[in-house]
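These notes concern the structure reproduced below.
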Amino acid sequence: MLKRLLFIRGAELIALAILATIPLTVSNTYVLGLLTLLAIYGILLIGLDVTVGYLGQVNLAHAAFLGLGAYAAGLSVSLLGFGMLGALAVSMAIGLILGGLLAFPALRLEGPQFALATLSFSALSTTVLNEWEGLTMGAQGLSITRPELFGFSLKAQGFYWLCLVLLVLVWLAMRNLLSSQWGRAFEALRDSPIATDAMGVGTYRHKVAGFAFGSSLGGLAGGLYAFNFQYLQPQSFTYDLMVILLLGVVLGGRKSLWGAFFGATLIVLLPNLLSNRLLFEIISGLGLLLAIFAGAQGLKNKTTQPFQAIAPVIAMGMLVVGGYMVENTENWRKAIFALMLFSVVVGLPDGVMGFTARYLTRLFRIAPPDLPPASALDEVLPAQQADSKPMLELKNLKRYFGGVKAVDGISMTVRTGHIHGLIGPNGSGKSTAVNVISGLYAPTSGDILLQGKSLPKGSLFKVARTGVSRTFQNLQLFGELSALDNVMLALKGVYRSPLPLVLLGFARAEEKRAQADALALLELVGLQHMARVHARDLTYGSQRFLEIARALACKPKLLILDEPAAGLAHPDVNVLVDIIKRIHQRGVTIILIEHHMDVVSTLCDVVTVLDGGLVIAEGTTEEVKRNPLVIKAYLGIADDTDVPDVIPAVI
Ligand code: ADP
Ligand code: MG
């Protein structure tokens with residue numbers, strides 16, 4: 001714990017101390033200019049990393065937000081007479097508002113379409129900056145005077161320190177945000193948007209908020225950019241810059257503050273240093289080493305074909321040698337940048353800093369921080385009182401897919417506190433029924449009542465909020481998150497701090513509480529020792545159990561388990577039966593879709609049998625097992641032939 005604190009915070013403090021004291025020892029304006037740019041680009045890339053790294057979206061609008069923020073700051077000084085802080089607040093607000101407005105429609109789109117939407121936005125904003133000459137002076141450029149800060153006029157050095165202070169504040173706020181429920185939600189929605197919604201977290205709103213927040217940092221960086229150069233032209237904020245920014249984030253390492261900072265360093269230093277011959281040789285030599293190292297890593301981890309590993313090494317080698325032979329290497333820097341990027345993408349998928357961080361963590365054996373003791377299960381999942389009222393009623397529920405009548409008029413009632421079995425041959429409509437109840441699909445017609453009230457239709461998120469929680473026939477875990485984080489993401493009723501308090505770091509207490517509660521649920525399914533393991537690294541059985549623990553974190557009245565035993569080995573099936581019994585004891589009503597008849601008969605109070613989207617029988621396990629219609633549905637035996645006494649254990 002102490003080692004972790006010293007190491008991580010220590011590295012941050014040392015970097016900060018170095019950055020803060022350089023201007024005291026080196027009084028070179030060129031160096032000071034580079035450092036200022038480094039701080040500004042640091043803020044810019046941390047903002048870009050929110051969308052590109054955490055939300056996993058290709059965002060091509062960030063350079064535009066830099067430009068819009070810059071012009072907003074400049075104009076609010078020249079037209080409105082704002083001071084430094086006021087102008088920077090305006091740039092941030094512009095980023096936040098325009099970012100939100102762009103995100104609302106654009107984030108309904110996926111993948112390449114989203115990238116195109118952001119690209120159009122940046123084309124549009126450059127056009128506006130160019131054409132609105134009355135305000136921006138168009139292509140002629142806009143001159144700006146640096147405003148005062150609290151009545152002091154800032155010289156180059158003072159302005160650098162201001163940029164550095166803002167970088168530190170952004171860094172701290174971002175760290176608080178990412179280690180809160182927000183950070184988890186960002187990562188979860190990238191792994192499985194469906195499960196994020198089904199856990200009641202709301203994919204869309206988190207995406208929009210994340211995008212707007214990242215863009216506001218772009219705006220802030222823009223304000224600083226304006227006061228640094230004191231001269232703006234629209235063409236500084238076009239695609240060229242955007243591509244470089246993306247390269248910086250990927251090279252440095254996505255999903256990492258250090259990665260963004262390292263990326264900013266590369267962007268700022270490389271073009272400047274590469275124009276000097278000696279430095280060109282040193283840097284291209286380092287680039288060559290990077291290419292060799294990344295290639296070797298890629299081959300070792302088998303993520304790379306030999307050709308992919310060797311090609312950038314050869315190309316970079318040619319640049320190093322070629323650098324001696326030609327007069328001017330100034331135009332080669334893009335090639336060097338491109339080759340470095342290629343090597344990193346191929347061999348170090350987590351970027352340079354991502355790799356370094358993992359390596360150092362292992363080298364110094366830095367353990368993750370200790371977990372608090374688990375909460376009492378009674379607090380996390382209070383026992384629910386059984387009563388005789390129905391928990392769930394389906395009334396003539398239908399769902400068609402084109403001509404396929406997957407669910408064709410199901411009516412059934414699930415009593416409070418029961419384990420209600422839902423069985424039927426493959427393709428009989430069980431999963432579709434669950435998908436309609438949980439809001440993944442809207443029903444074609446019919447009604448769904450939870451405790452007598454209509455359930456929202458066609459929205460996983462809204463249904464989850466009413467107290468219905470589910471697992472998926474095909475696992476939908478957040479693979480990149482730890483088992484603990486998977487459960488913490490879904491925890492209901494713990495996270496109360498509004499965003500500003502989270503950014504200021506006041507959400508730590510509720511974070512500890514959430515950890516303790518999530519541990520209690522992991523304990524319930526026997527996974528407390530796996531809390532820190534990534535979900536994707538768990539055994540298949542453990543993944544199934546984890547999904548149940550996560551569903552319980554929503555504190556459901558009704559829990560729907562879609563074939564939880566599918567693919568489980570026999571001992572794991574027994575564990576599963578135990579887990580379901582324990583959940584039942586807490587009074588949670590359960591719908592269980594299951595193929596193992598012995599599991600069904602051990603657990604279920606009532607069983608409904610579906611075939612062809614219709615209910616063909618209902619009753620206790622013994623009753624339905626003897627029902628001729630059921631036997632016919634499963635075994636295809638005509639009504640009048642001999643009926644086997646018991647359906648085979650596994651159907
Ligand atoms: P079960 O879970 O009982 O095995 P499903 O509910 O998955 O059955 O499927 C019922 C029927 O609906 C099947 O014929 C299946 O092919 C069809 N179906 C399910 N989901 C879709 C979908 N998204 N689009 C088209 N057809 C679907
Ligand atoms: Mg199914």
Side-chain angles (χ1 to χ4, degrees), residues 386 388 390-397 405-437 470-471 473 544 548 558-585 588-651:
S388 56
M391 174 59 75
L392 183 80
E393 292 162 273
L394 305 184
K395 300 200 163 155
N396 201 17
L397 193 67
K405 299 180 173 180
V407 169
D408 195 19
I410 295 181
S411 298
M412 70 183 235
T413 301
V414 178
R415 304 235 149 257
T416 305
H418 271 187
I419 302 183
H420 194 121
L422 194 57
I423 67 171
N426 275 330
S428 57
K430 305 180 297 292
S431 292
T432 304
V434 166
N435 288 337
V436 172
I437 297 167
R470 64 168 297 182
T471 63
Q473 182 170 351
R544 286 257 170 221
I548 297 177
L558 175 65
L559 174 67
I560 309 178
L561 303 172
D562 193 353
E563 300 206 21
L568 290 192
H570 194 65
D572 277 346
V573 174
N574 293 338
V575 177
L576 176 73
V577 169
D578 271 352
I579 291 174
I580 296 178
K581 279 183 182 160
R582 261 176 266 157
I583 299 170
H584 181 225
Q585 277 164 12
V588 180
T589 310
I590 299 171
I591 295 180
L592 176 65
I593 299 182
E594 191 39 71
H595 275 309
H596 297 64
M597 279 313 280
D598 44 357
V599 174
V600 173
S601 55
T602 318
L603 290 173
C604 295
D605 303 288
V606 190
V607 181
T608 301
V609 190
L610 299 186
D611 190 27
L614 290 165
V615 176
I616 56 166
E618 191 168 272
T620 64
T621 322
E622 287 310 311
E623 284 163 12
V624 300
K625 266 202 251 179
R626 288 168 212 287
N627 185 318
L629 282 175
V630 176
I631 294 166
K632 185 184 163 203
Y634 271 106
L635 303 176
I637 302 169
D639 290 19
D640 50 358
T641 49
D642 277 354
V643 170
D645 197 29
V646 175
I647 297 174
V650 181
I651 357 183

Restricting to side-chain hydrogen bond (donor to acceptor under 3.5 Å, both in side chains), what partner residues turn up for [X], sequence neighbours left out?
X      : answer
Glu563 : His595
Gln473 : Ser431
Asp408 : Tyr400
Arg470 : Asn435, Ser438

Lys430 (side chain) donor-acceptor with Pro425 (main chain) under 3.5 angstrom: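 Confirmed, Lys430 side chain pairs with Pro425 backbone.
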His584 side chain vs Gly417 backbone, donor-acceptor pair below 3.5 Å: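 Yes; at least one donor-acceptor contact below 3.5 Å.
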Intermediate values then yes/no, side-chain contact (heavy atoms from CB on, under 4.5 Å), His418 and Val606: CA-CA 8 Å; His418 271 187; Val606 190; 3.7 Å; yes
Side-chain heavy atoms of Thr589 within contact of Leu392, under 4.5 Å: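 Heavy-atom side-chain distance check fails, nothing below 4.5 Å.
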Minimum side-chain heavy-atom gap Ile583-Ile548 below 4.5 Å: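 Yes. Closest side-chain heavy atoms under 4.5 Å.
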Which pair of heavy atoms, one from [X] and one from [Y], lies closest together, and at what distance?
X      : Y      : value
Leu561 : Thr471 : CA-OG1, 3.4 Å
Lys581 : Leu603 : CG-CD2, 3.7 Å
Gly429 : Val407 : O-CG2, 3.6 Å
Pro390 : Thr416 : C-OG1, 3.8 Å
Leu629 : Asn627 : N-OD1, 2.8 Å
Ile419 : Leu592 : CG2-CB, 4.2 Å

Derivation of the side-chain contact (heavy atoms from CB on, under 4.5 Å) call for Asn574 and Asp578: CA-CA 6 Å; Asn574 293 338; Asp578 271 352; over 6 Å; no
Partner residues of Val607 under the side-chain contact (heavy atoms from CB on, under 4.5 Å) criterion, sequence neighbours left out: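 For Val607, the residues satisfying side-chain contact (heavy atoms from CB on, under 4.5 Å) (neighbours in sequence not counted) are Ile423, Val600, Cys604, Val609, Thr621, Val624.
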Partners passing side-chain contact (heavy atoms from CB on, under 4.5 Å) against Ser411 (at least two apart in sequence or in another chain):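 In terms of side-chain contact (heavy atoms from CB on, under 4.5 Å), with neighbours along the sequence ignored, Ser411 is linked to Asn396.
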Residue pairs fulfilling side chain to side chain donor-acceptor pair (under 3.5 Å) with at least one residue in residues 604-619, sequence neighbours excluded: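 Those involving residues 604-619 are His420-Thr608, Thr608-Glu618.
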side-chain contact (heavy atoms from CB on, under 4.5 Å) assessment of Lys405 paired with Leu614: CA-CA 10 Å; Lys405 299 180 173 180; Leu614 290 165; over 6 Å; no
Intermediate values then yes/no, side-chain contact (heavy atoms from CB on, under 4.5 Å), Leu422 and Ile560: CA-CA 10 Å; Leu422 194 57; Ile560 309 178; over 6 Å; no
Inter-residue atom distance Glu393.CD - Arg415.CZ, 0.5 Å rounding: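 Nearest 0.5 Å value for the CD-CZ distance: 8.0 Å.
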